[in-house]
Amino acid sequence: MKSQERDLMHKLSLITNKNFWEAPNQYSYYDCETSNAIVELKVRGKVYAEKLIELPKMARNLELAKELGKSFVYVVQDPSGIYYANVSEMSRQILMKEPSMIPCPVTTEFGDNRMVNKACYTIKMNKIQ
């Protein structure tokens, strides 16, 4: 987990008064979890009008959450605040729409800046701070 995401995890712990702990390993499909949720964290330096979630990441985490008996929660922090969505609760609504193909870097984690089209959904999120 990157330091920005770790900082966000600690902020969430303070805001929600819940215990968060890091995912089992650095290559997990999600970043952290609580007793009842697995959580994917995104820290953005720019404000985007629509928040996006990649289809493969959403599908893997929904399945994993189901196996673990937890919800899948997505959290995005940008300069305008911290937003969350319980994707497990919204999955039917999300999947009824066609995903958009969005040009994105292959990976941000390992500095591969080549662009590829990724299937993404726009997702309605609630502001928590």
Side-chain angles (χ1 to χ4, degrees):
M1 178 184 302
K2 294 185 262 183
S3 65
Q4 290 179 322
E5 291 163 341
R6 189 171 290 111
D7 291 345
L8 176 54
M9 181 182 76
H10 292 301
K11 281 183 198 174
L12 290 171
S13 186
L14 293 172
I15 293 167
T16 63
N17 205 26
K18 287 187 175 195
N19 270 340
F20 285 77
W21 58 90
E22 290 187 34
N25 68 63
Q26 66 179 354
Y27 301 110
S28 292
Y29 292 123
Y30 60 94
D31 295 304
C32 60
E33 58 187 296
T34 68
S35 60
N36 60 353
I38 62 170
V39 184
E40 174 67 11
L41 303 172
K42 289 290 179 200
V43 178
R44 306 274 188 220
K46 182 178 175 184
V47 177
Y48 293 93
E50 294 182 317
K51 310 298 187 226
L52 298 176
I53 187 167
E54 292 178 28
L55 173 58
K57 183 174 291 278
M58 184 179 88
R60 283 191 305 260
N61 281 322
L62 282 170
E63 187 62 32
L64 185 56
K66 187 176 179 181
E67 289 173 16
L68 296 171
K70 297 184 177 195
S71 293
F72 169 44
V73 174
Y74 187 52
V75 177
V76 175
Q77 178 181 344
D78 66 25
S80 70
I82 300 173
Y83 301 83
Y84 84 97
N86 185 327
V87 179
S88 292
E89 289 178 355
M90 309 167 59
S91 62
R92 281 195 160 188
Q93 294 168 276
I94 295 168
L95 293 169
M96 289 179 72
K97 302 181 288 184
E98 282 292 317
S100 300
M101 297 305 288
I102 308 288
C104 301
V106 170
T107 178
T108 54
E109 197 68 26
F110 301 105
D112 190 343
N113 294 327
R114 289 176 296 138
M115 300 298 274
V116 295
N117 285 327
K118 293 185 179 181
C120 299
Y121 285 105
T122 57
I123 186 169
K124 183 170 173 42
M125 302 187 82
N126 300 302
K127 189 171 185 177
I128 57 174
Q129 188 181 38

Exercise. In this structure, are over 12 heavy atoms from other groups packed under 6.0 Å from Y30 atom OH?
Worked result: yes
Exercise. Is I123 reachable from L62 through a run of hydrophobic residues whose side-chain heavy atoms are each under 4.5 Å from the next?
Worked result: yes
For this session: Quick one: pull up CG in L41 and OH in Y84 and give me the separation to the nearest 0.5 Å.
Result: 15.0 Å
Exercise. Are any non-hydrogen side-chain atoms of N36 and K18 less than 4.5 angstrom apart?
Worked result: yes
For this session: Could you list all the salt bridge (Lys or Arg N to Asp or Glu O under 4.0 Å) pairs where at least one residue sits in residues 50-59, not counting sequence neighbours?
Result: E40-K57, K51-D78, E54-K118
For this session: For E98, look at atom CD and say whether over 12 heavy atoms of other residues, nucleotides or ligands are found less than 6.0 Å away.
Result: no
For this session: Indicate yes or no for a side-chain donor-acceptor contact from Y74 to the backbone of L52 under 3.5 Å, with no hydrogens or angles considered.
Result: yes
Exercise. Is a side-chain donor or acceptor of K97 paired with a backbone partner of T122 at a separation under 3.5 angstrom?
Worked result: yes
For this session: Step through the shown structure and confirm whether more than 12 heavy atoms of other residues, nucleotides or ligands are within 6.0 Å of NZ on K46.
Result: no
Problem set entry | Donor-acceptor pair, side chain of K70 and main chain of T34, under 3.5 angstrom | yes
Exercise. Counting only heavy atoms not in N17, do more than 12 sit closer than 6.0 Å to its CG atom?
Worked result: no
Exercise. Taking atom CE of M125 and atom CD1 of I82, what is their separation to the nearest 0.5 Å?
Worked result: 11.0 Å
